[in-house]
S.K.: 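Dropping a structure here in structure tokens format, bear with me for questions.
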Amino acid sequence: MINSKLAELLDVIADMLELEGEKYSRFEVLAYRKAAVTIGGLQEDAEEIYKKGGTDALMELPGIGKSMAAHIEEYIKTGKIAKYEKLKKKYPLDIANLTKIQGMGAKKAFKLYKALGVKDVQGLKKALAQHRIRDLEGFGEQSETQIQKGIDFLESGGGRMLLGTALPEAEAIRDKLLKSGLVEKAIIGGSTRRMRETVGDLDILLISSKGQRVMDFITSMQEVESTIAKGPTKTSVRLKIGLNCDFRLVERTSFGAALQYFTGNKDHNVKLREMAIKKGLKLNEYGLFDKRNRNVAAGENEEQVYKTLGLDWMEPEMRENRGEIYLALHHKLPKLVQLADIDGDLHVHSKFSGDSSNTFEEIAGEAKRLGREYAGVTDHSKSEYMNRGLDEKGYRRVFAEIDKANKKLEGFTLLKSGEVDILKDGSLDIDRKTLGEMDYVLASVHSGLKDPKDAMTKRIVNALNSGQIDILGHPTGRLINEREPLQADMDKVFEAAKDNGVAMEINSQPSRLDLNDENAIKAKRYGLKFAIDTDAHRISHMQYMRYGIGMAKRAWLRKEDVVNTMDLGSLLKLFKK
DNA sequence: GCCGTTTTCGGCCCGACTGTTTTCAGTCG
């Protein structure tokens, strides 16, 4: 995968062009930055895209035009970009890593290079230790401290954190603020509100008349490690869990506009502002203004902001500039699936296998509490010997237990299933007869995750073509920040799934979220159905459903795209087919 | 350098905070 390296190169080119100053327009710099973001965020390897469709395919990507496509082609063919190499001679410093330090941009880095010969982070550390920075023009003692802090943060592994870790932390902080009596309103914004799989920092929006006291309260909170910036309307802190959190205080009359601004991703917001300009208006976080600087539609809710721009309000998960603005303009937004639509959970482990200790009573009790009508018991199959996987006999024993338990349960049904292993040749490790006794079959790949793409594609497609699978479990096997997804031609996988009526799982475990939004968007284009499951190994995991729902909404899935929104009768009929 | 669901040329989003400064550049989101 060349994406991250390529994105870094494009970003550094942007930095260097910025250092060139007047010679380049800031828009050209911006173009490189945009391209870097696009490439860095791709799921598919840019090299694959190029191999399949050449520079034309690359130019389909947002922010990639003729020049960028040529740069990418050059990089794939030669491992280098001439424009970068040329600039590098003039700026022979490790901009990519230096600018990872918070508060350090290309300009500061270059200043330090010119004055002190600092070329990389190592050199910077040396200069800091010798206190050579504080005497430079434009720097001071504080600068040294800030830079040192930035380096420390970086080295302690500051990066994007799982949504499943970040969201509960944000909620805890929000609740504390609400309880403090100092704020009228507190809402979590940013990528957390958009339910992105990982979160770079938290944004919390506040209404309060006690500005200074609120900011003091925040910086003295237990969760806070240090204060990065503190002003009357904006405070940034570093949290002990290793995440930064921005707090913004706005007037009630601006709250809608502020919430809009702090929720949409950058592209979405830029698009909205452009629309505002075309209407002779100006949009910022304080409101929507006309030429005489009169607020025409800030209001207390976002709906007014969207409405005044001619748009329907849309759910936060959609605000990524993936075409949602066009749909909103033409009143064609899809009605997205909601957590409350979920009627059951089709991937739950029990004490009969694996590292789970869940009893049927516990599973049923928690599921009922969450308003669900059924839960599928999907214990591991025998290939997972590390997880005490079940063989045919073992499954029969579990099915008998399920029958017994169901007799005692009222208004709730446990379903007979299994998370069956897909073997290397694509066959399942449980015989046909036993699979036939299951209400449905969930099958997953658990081994050989690094196998070559061709073999892996064949393996999964064979399994799908066996006609024995109802749901493909965590289809790419990735673990966020830990393990790369398996390499398979997802187009072929989705095609085979469509042919065989197999639903794709959206696994709600915070470290999985698999399929992710991008793959789910693709799968939906093939007309596939989805099962949003929790893969619960603990009873508490059954609440992870909201993360899977977040992913589904990000993929614009509707209720009818998700099989476990159906009532039990309809679901069983579907699986019978 | 990119882009267009009116445009293939003429546009391209907006503001807060910091540190080092005497009015602002740099950085960030």
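Every chain is numbered from 1 and lettered A, B, ... according to where its sequence line falls, protein lines coming before strand lines.
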S.K.: If I take atom CZ in residue R26(A) and atom P in nucleotide dC12(B), what distance separates them, rounded to the nearest angstrom?
M.R.: 9 Å
S.K.: Under the salt bridge (Lys or Arg N to Asp or Glu O under 4.0 Å) rule, collect the residues that match up with K230(A), sequence neighbours excluded.
M.R.: D216(A)
S.K.: Using atom types as modelled and distance alone, determine if a side-chain donor or acceptor of R252(A) lies under 3.5 Å from a backbone N or O of I207(A).
M.R.: no
S.K.: For R558(A), give me all partners under salt bridge (Lys or Arg N to Asp or Glu O under 4.0 Å), at least two apart in sequence or on another chain.
M.R.: E560(A), D561(A)
S.K.: Looking just at side-chain N and O atoms, do Q509(A) and D514(A) make a donor-acceptor pair shorter than 3.5 Å?
M.R.: no
S.K.: What is the nucleic acid contact for Y32(A), judged by heavy atoms within less than 4.0 Å: base, sugar-phosphate only, or nothing?
M.R.: sugar-phosphate
S.K.: Residues in salt bridge (Lys or Arg N to Asp or Glu O under 4.0 Å) with E225(A), at least two apart?
M.R.: none
S.K.: Would you mind reading off the distance between E274(A) atom CD and dT6(B) atom P, rounded to a whole angstrom?
M.R.: 15 Å
S.K.: Reckon I64(A) touches a base, only the sugar-phosphate, or nothing at all at heavy-atom distances under 4.0 Å?
M.R.: sugar-phosphate
S.K.: Can you sort out the partners of E315(A) under side-chain hydrogen bond (donor to acceptor under 3.5 Å, both in side chains), two or more places apart, ordered by chain and number?
M.R.: Q338(A), K553(A)
S.K.: Please list, in numerical order, the residues of residues 66-78 of chain A that have a heavy atom closer than 4.0 Å to any atom of DNA chain B.
M.R.: K66(A), S67(A), M68(A)
S.K.: Between dC12(B) and dA16(B), how far is it from one C1' atom to the other, in whole Å?
M.R.: 22 Å
S.K.: In terms of the angle between their ring planes, are H330(A) and Y326(A) parallel, tilted or perpendicular, with boundaries placed at 30° and 60°?
M.R.: tilted
S.K.: Rounding to an integer number of angstrom, what distance separates dC13(B) and dC17(B) when you compare their P atoms?
M.R.: 23 Å
S.K.: Both distances under 3.5 Å, Watson-Crick or G-U wobble: report the partner of dG15(B), or none.
M.R.: dC28(B)
S.K.: Show me, pair by pair, the donor-acceptor contacts under 3.5 angstrom made by side chains of residues 55-72 of chain A, not counting sequence neighbours?
M.R.:
{"from": "H71(A)", "atom 1": "NE2", "to": "Y32(A)", "atom 2": "OH", "distance (Å)": "2.8"}

S.K.: Identify the pairs formed between an N or O of the protein and an N or O of nucleotides 7-11 of chain B at a distance under 3.5 Å, and give each distance.
M.R.:
{"from": "dT7(B)", "atom 1": "O4", "to": "K278(A)", "atom 2": "NZ", "distance (Å)": "3.4"}

S.K.: Between residues 91-103 of chain A and DNA chain B, which residues have a heavy-atom gap below 4.0 Å?
M.R.: I101(A), Q102(A), G103(A)
S.K.: Tell me whether the OP1 or OP2 atom of dA16(B) has a side-chain N or O from T235(A) closer than 4.0 Å.
M.R.: no
S.K.: As a test of reading the structure: which of dC14(B), dG1(B), dA16(B) is closest to the side chain of K282(A), going by heavy atoms?
M.R.: dC14(B)
S.K.: Could you tell me how far dC3(B) sits from dT7(B) if I compare only their C1' atoms? Round to whole Å.
M.R.: 10 Å
S.K.: Under 4.0 angstrom, heavy atoms only, what part of the nucleic acid is L61(A) near: base, sugar-phosphate, or nothing?
M.R.: sugar-phosphate
S.K.: What integer number of Å spans the P atoms of dT5(B) and dG1(B)?
M.R.: 23 Å
S.K.: Mind calculating the distance between CD1 (I325(A)) and C1' (dT5(B)) to the nearest angstrom?
M.R.: 13 Å
S.K.: Given the structure, check if the side chain of Y261(A) and the base of dG15(B) hold any donor-acceptor pair shorter than 3.5 Å.
M.R.: no
S.K.: What is the minimum heavy-atom distance between M195(A) and M551(A), and which atoms define it?
M.R.: O-CE, 3.9 Å
S.K.: Report the residues that fulfil side-chain hydrogen bond (donor to acceptor under 3.5 Å, both in side chains) with E171(A), sequence neighbours left out, ordered by chain and then residue number.
M.R.: R546(A)
S.K.: Do the side chain of T78(A) and the main chain of Y75(A) share a donor and acceptor less than 3.5 angstrom apart?
M.R.: no
S.K.: Taking the side chain as everything from C-beta on, heavy atoms only, tell me whether V37(A) gets closer than 4.5 Å to D267(A).
M.R.: no
S.K.: Using a 4.0 Å heavy-atom cut-off, does K230(A) contact any base of the nucleic acid, only the sugar-phosphate backbone, or nothing at all?
M.R.: sugar-phosphate
S.K.: Starting from C1' on dT5(B), measure out to CG on L311(A) and report it in whole angstrom.
M.R.: 14 Å
S.K.: Which whole-number value in Å describes the distance from L58(A) CG to dC3(B) C1'?
M.R.: 17 Å
S.K.: As a test of understanding, state which of R194(A), R196(A), R322(A) forms a salt bridge (Lys or Arg N to Asp or Glu O under 4.0 Å) with D517(A).
M.R.: R322(A)
S.K.: Does dG15(B) have its OP1 or OP2 closer than 4.0 Å to a side-chain nitrogen or oxygen of N284(A)?
M.R.: yes
S.K.: Taking salt bridge (Lys or Arg N to Asp or Glu O under 4.0 Å) as the definition, give me every residue that meets it alongside E169(A), ordered by chain and number, with sequence neighbours left out.
M.R.: none
S.K.: List in chain and number order the residues that pass side-chain hydrogen bond (donor to acceptor under 3.5 Å, both in side chains) with K90(A), two or more places apart in sequence or in another chain; answer none if no residue qualifies.
M.R.: E20(A)
S.K.: Rounded to the nearest angstrom, tell me the gap between atom CE in M275(A) and atom P in dG4(B).
M.R.: 14 Å
S.K.: Which comes earlier along DNA chain B counting from the 5' end, the contact point of N269(A) or that of K108(A), where each point is its nearest nucleotide?
M.R.: N269(A)
S.K.: Roughly how many Å apart are dT8(B) and dG4(B), using the P atom of each and rounding to a whole number?
M.R.: 13 Å
S.K.: Scan K100(A), K88(A), R33(A) and name whichever one has a salt bridge (Lys or Arg N to Asp or Glu O under 4.0 Å) with D15(A).
M.R.: R33(A)
S.K.: With a 3.5 Å distance limit and no angle check, can you tell me whether S254(A) reaches the backbone of A257(A) through a side-chain donor-acceptor pair?
M.R.: no
S.K.: Which part of the nucleic acid, if any, lies within reach of L329(A) when heavy atoms closer than 4.0 Å are counted: base, sugar-phosphate only, or nothing?
M.R.: nothing
S.K.: Taking atom C1' in both dT20(B) and dT27(B), what distance in whole Å separates the two?
M.R.: 14 Å
S.K.: Side chain of K83(A) only, please: which of dG29(B), dG1(B), dC14(B) is the nearest?
M.R.: dG1(B)
S.K.: dG11(B) and dT21(B): how far apart are their P atoms, nearest whole angstrom?
M.R.: 39 Å
S.K.: How close or far is atom P of dC28(B) from atom CZ of R248(A), stated in whole angstroms?
M.R.: 16 Å
S.K.: Think Y286(A) has a side-chain N or O under 4.0 angstrom from the OP1 or OP2 of dA16(B)?
M.R.: yes
S.K.: Which comes earlier along DNA chain B counting from the 5' end, the contact point of H330(A) or that of D201(A), where each point is its nearest nucleotide?
M.R.: H330(A)
S.K.: Measure NZ/K234(A) against P/dT18(B) and give the value in whole Å, please.
M.R.: 9 Å
S.K.: Enter syn or anti for the glycosidic conformation of dT20(B), syn applying to angles within 90° of 0.
M.R.: anti
S.K.: Sticking with atom C1', work out how far dT18(B) lies from dT23(B), rounded to a whole angstrom.
M.R.: 14 Å
S.K.: Quick one, give me the B/S/- string for nucleotides 19-25 of chain B, reading 5' to 3', where B means a protein heavy atom under 4.0 Å from the base and S means that only happens at the primed atoms, P, OP1 or OP2.
M.R.: SSS----
